[in-house]
There are 2 protein chains.
Amino acid sequence: MPGHASFAAADLEDTVNASDLEDLIGYNLKRAYVIVQTDFRDTLGEDGLSARMFSALSLTVRYPNITQSELAKMLGIERSGLVAIVDALEEKKYLARAAVPGDRRVQALVPTKKGAKAYGEAVAAVKAHEDRLFADMTKTEKETLLGLLRKIRRKEAKA
Amino acid sequence: MPGHASFAAADLEDTVNASDLEDLIGYNLKRAYVIVQTDFRDTLGEDGLSARMFSALSLTVRYPNITQSELAKMLGIERSGLVAIVDALEEKKYLARAAVPGDRRVQALVPTKKGAKAYGEAVAAVKAHEDRLFADMTKTEKETLLGLLRKIRRKEAKA
DNA sequence: GATTTTCGTTACTTCGGTAAACAATTAAAG
DNA sequence: CTTTAATTGTTTACCGAAGTAACGAAAATC
């Protein structure tokens, strides 16, 4: 038990059972996020895809010819921040920046065959990681959690 | 709709309704975390307490004379990382590093009156922030969410 | 008494992300 | 039309939150 640096003052710790911190959604959300994110990295990690790269690639596969601005908005990050992610994916030959006839400003992102394949494998690995990590939850619990998290996501400050 | 950079290839987007990304707990967890953390900062922000400082102060108030090592472990961070947090709190005169008679290595953290008061106000502000942010959730939903997040936290890799 | 462990600390690095400015390009107003 | 606005991708500089490695002082172990 903490708070007992040998000369231990006040033993009111057991009296106080309102933990504040532990009852906050934000704090628990953060701690849970760190755990999941760490496991993700340990799974996909070591020259695999980072979470950022995975999510960017995922949307590129699902929405081929998506614009960088559109992608950034969907990911909830700034355009400037996306550049490095797309650079990394392009360097791995997982996608390409393609010129768009109509508008010479935009660069459409299109996954390569290699990228589509790598994404398929990554998805499998990620699903295995979640299956394993949340093995002690029932399907209902997972769906409930997902629903509640999405409910929070709806509060997102819109541009 | 994305993926339609004017010359819009394949319209299979509507066909594909398995979103992958949106069905991942990890992704939703992260997005939700960012939203809550941002609102926390906007509330307590501007020379208020950061989330790190708040949680460290919280545990110091609850467990006076807690050791830095103990605190770091409870927060799930490295001892080295805690130093800057304690430095910041000490600079604000919210707590003090007190020498411990028995062991000259450790520094017991003890909140000041000013710190206890500031923490009290911060707690109120944080609770208001969560009440407001999660106003569209029932008490049951919040408790369910808390329970599920704690279930994830139990998987924490122990030192 | 010699060795090992613990504690707080420093220095360095990494990662994810924002903000501001910019050139090129397109759209909108006049 | 021409001038002004806005948009796109990008670079650069910065910041916050962490981790790792090493260290000296002190304590614990053998």
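All values below come from the heavy atoms of this structure, side chains included, with hydrogens, waters and symmetry mates left out.
Sequence neighbours left out, the pairs with a member in residues 32-42 of chain B that pass salt bridge (Lys or Arg N to Asp or Glu O under 4.0 Å) are B:D39-B:R132. The side chain to side chain donor-acceptor pair (under 3.5 Å) pairs that include a residue from residues 24-36 of chain B are A:R153-B:N28, A:E156-B:R31, B:Y27-B:R31, where partners are two or more places apart or lie in different chains.
At least one donor-acceptor pair under 3.5 Å links the side chain of A:T38 to the backbone N or O of A:V34. Side chain of A:T112 to main chain of A:G115: a donor-acceptor pair is present (N/O by atom type, distance under 3.5 Å, no hydrogens or angles).
In this structure, CG of B:L71 is placed 14 Å from C1' of C:dC7, rounded to the nearest angstrom. If you take CZ of B:R41 and C1' of C:dT18, they are 10 Å apart, rounded to a whole angstrom. Summarising the geometry, the separation between CG on A:L82 and P on D:dT11 is reported as 12 Å, rounded to the nearest angstrom. Rounding to whole angstrom units, CD of residue B:E78 and P of D:dG16 are separated by 21 Å. The CG atom of B:L109 sits 12 Å away from the C1' atom of C:dC7 (whole-angstrom rounding). Nucleotide D:dC15 holds its P atom 15 Å from the CZ atom of B:R52, rounded to whole Å. Rounded to whole Å, the distance from CD1 on A:I85 to C1' on D:dT11 is 16 Å. A straight line from CZ of B:F40 to P of D:dG16 spans 15 Å, rounded to a whole angstrom.
OP1 or OP2 of C:dT26 sits under 4.0 Å from a side-chain N or O of A:R104.
Every side-chain contact (heavy atoms from CB on, under 4.5 Å) that A:Q68 has, sequence neighbours left out, goes to A:L82, A:V83, A:V86, A:R97, A:Q107, A:L109. Partners of B:D131 under the side-chain hydrogen bond (donor to acceptor under 3.5 Å, both in side chains) rule, at least two apart in sequence or in another chain, do not exist in this structure. Here B:E141 pairs with A:K151 under the side-chain hydrogen bond (donor to acceptor under 3.5 Å, both in side chains) rule; sequence neighbours left out.
If you check C:dT18 for Watson-Crick or wobble pairing at under 3.5 angstrom, you find it paired to D:dA13. Look at C:dT26: it lacks any Watson-Crick or wobble partner with both distances under 3.5 angstrom.
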Per-nucleotide protein contact along nucleotides 4-10 of chain D, 5' to 3', at a 4.0 Å heavy-atom cut-off (B base, S sugar-phosphate only, - neither), is ---BBBB

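With its glycosidic angle within 90° of 0, D:dA5 adopts the syn conformation.
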